[in-house]
Amino acid sequence: MARLRTLAVHAGQRPDRGTGALTTPIYQTSTFAYGGFDRGRRLFAGEEAGYVYTRVQNPTTRAFEEKLAALEGGEAAVAFASGMAAIAALVFTLLAPGDEIVYLGPLYGGTEGLFYDLGRRYGLVITDATDRSLSEAVGPATRMIYVETPANPTLRIHDLREVARVARARGVLSVADNTFATPVLTRPLELGIDLVVHSATKYLSGHGDVVAGAVVGPAALLEPIRAEGLRHLGGVLGPFEAFLLLRGMKTLPLRVMAHAQSAAKVAGFLRDHPAVRRVFYPGLPDHPGHAVAARQMAAFGGMVALDLGSEAAARAFLDGLTLFAQAVSLGDVDSLATHPYSTTHQLVDEAVRRRQGVTPGLVRLSVGLEDPDDLIEDLDRALARVVALEVD
Ligand SMILES: *Cc1c(COP(=O)(O)O)cnc(C)c1O
């Protein structure tokens with residue numbers, strides 16, 4: 001089989017049958033003509049494969065699904081309008097009232113809301129095993145183990161081989177959110193995880209111009225997710241977004257390795273700066289997940305967090321940045337910075353924030369593809385404001 005960089009360029013793509021167009025065209029159509037009464041009947045009877053309606057399948061979207069499946073080493077993928085649409089479709093297709101999800105987090109805020117608010121309203125049982133023994137947390141009602149790694153905002157690392165081992169031993173499904181690592185750094189399916197979910201909004205797109213999601217895994221699990229989770233919940237990805245993703249993913253391996261190289265450099269600079277209390281980066285030997293990350297990641301990713309000790313220091317720092325934009329999301333070519341305590345985690349219970357490491361001084365950086373030396377100069381200037389604050 002071809003290697004990752006080759007798959008990123010070629011997988012899912014074949015010259016257009018009508019025109020020979022090498023780049024997959026944007027099939028911007030809601031519906032597809034049957035071409036005759038009898039073919040319509042055959043399509044609906046499932047006797048002939050073909051496109052019918054874009055909520056179910058579209059050629060541009062299909063090319064994106066094939067490219068992502070190839071990169072993850074999965075049999076198939078189903079694309080969705082957002083990462084949350086993908087996770088919701090997965091949960092509501094595969095689980096029923098009374099079923100339990102055991103998770104290792106912290107979870108992305110949207111996923112946490114989906115599990116605890118909607119999920120519980122529809123009868124799911126949600127159990128946090130982040131700081132417990134996973135095999136003890138799995139019980140008779142458990143149907144799914146859900147894991148995020150690296151996880152927001154302190155880049156917490158979970159051992160995917162261990163999750164897969166427990167899931168197999170107990171006969172439950174394992175699901176990994178691979179948004180932060182991407183298949184360039186970690187391929188959970190190869191480590192024994194059953195299904196991978198993505199917010200394709202982040203590194204897969206890479207250019208900050210798409211909201212999209214996907215589920216990847218064995219065809220037998222994805223068929224019901226397409227038939228029910230996509231067709232009935234309706235969170236379908238548009239053909240134009242699929243085209244942008246196809247374009248972005250051709251450079252995914254190059255981008256992700258460049259993000260990781262720059263992030264390692266940024267993390268090293270921050271670690272040595274006197275105004276920085278603590279740096280969270282799985283590539284640093286003092287990160288609690290460093291050894292596991294070294295085993296399951298090809299590099300340590302493009303996300304770095306730092307603790308400046310107080311909200312006043314974080315504010316001075318963030319307002320002093322010029323290259324990093326203060327904005328949510330991650331994985332863009334543009335560098336981004338967030339203050340989780342006052343934004344994404346503003347409404348989260350203080351005890352939960354403390355447990356997750358969301359302190360008033362915490363800043364999360366998505367290191368972009370600008371020259372890393374310019375980024376470090378930007379960080380250095382902003383940190384000088386923190387030093388000045390302490391002198392006052
Ligand atoms: C952004 C994100 C999501 C949600 O994806 P959307 O595309 O914003 O719906 C899920 N998981 C992780 C880890 C994310 O970063």
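Every number for a ligand or one of its atoms is a count from 1 in the order of the listing. All of these numbers come straight from a predicted model, not from anything done at the bench. Note that these values count all heavy atoms, side chains included, but never hydrogens, waters or copies made by symmetry. For this chain, numbers begin at 1 and follow the sequence in order.
- Remark: Y203 pairs with H259 by the ring pair (Phe, Tyr, Trp, His ring centres under 6.0 Å) rule, at least two apart or across chains.
- Residue contacts with ligand 1: M84 is placed with a nitrogen or oxygen under 3.5 Å of a nitrogen or oxygen of the ligand (distance criterion only).
- The closest heavy-atom contact to atom 12 (C) of ligand 1, among the options T149, N178, D177, comes from D177.
- Each of the atoms 7 (O) of ligand 1 lies under 4.0 Å from some heavy atom of A212.
- In terms of polar-atom proximity, defined here as any N/O pair under 3.5 Å, K202 does make such a contact with ligand 1.
- At under 3.5 Å, not a single nitrogen or oxygen of L330, backbone or side chain, sits near a nitrogen or oxygen of ligand 1.
- At a cut-off of 3.5 Å, with distance as the only test, a side-chain donor of Y27 or D16 sits close to an acceptor on the other residue.
- Looking at atom 4 (C) of ligand 1, its nearest protein heavy atom turns out to be Y108 CE2, 3.3 Å.
- For the residue pair E228 / T93, no side-chain donor-acceptor distance below 3.5 Å is found, with atom types taken as modelled.
- Heavy-atom contacts from other residues, nucleotides or ligands closer than 6.0 Å to CZ of R385 number more than 12.
- Heavy-atom proximity to F180, at under 4.0 Å, picks out these atoms of ligand 1: 13 (C), 15 (O).
- At a 3.5 angstrom cut-off on N or O pairs, T201 counts as close to ligand 1.
- Using the six-membered ring where Trp is involved, F243 and F240 have ring planes that are parallel, under 30° apart on the 30 and 60° scheme.
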Exercise. Taking it one step at a time, do E48 and R42 satisfy salt bridge (charged side-chain N to carboxylate O under 4.0 Å, His left out)?
Worked result: CA-CA 6 Å; E48 188 177 327; R42 286 198 302 277; 2.9 Å; yes

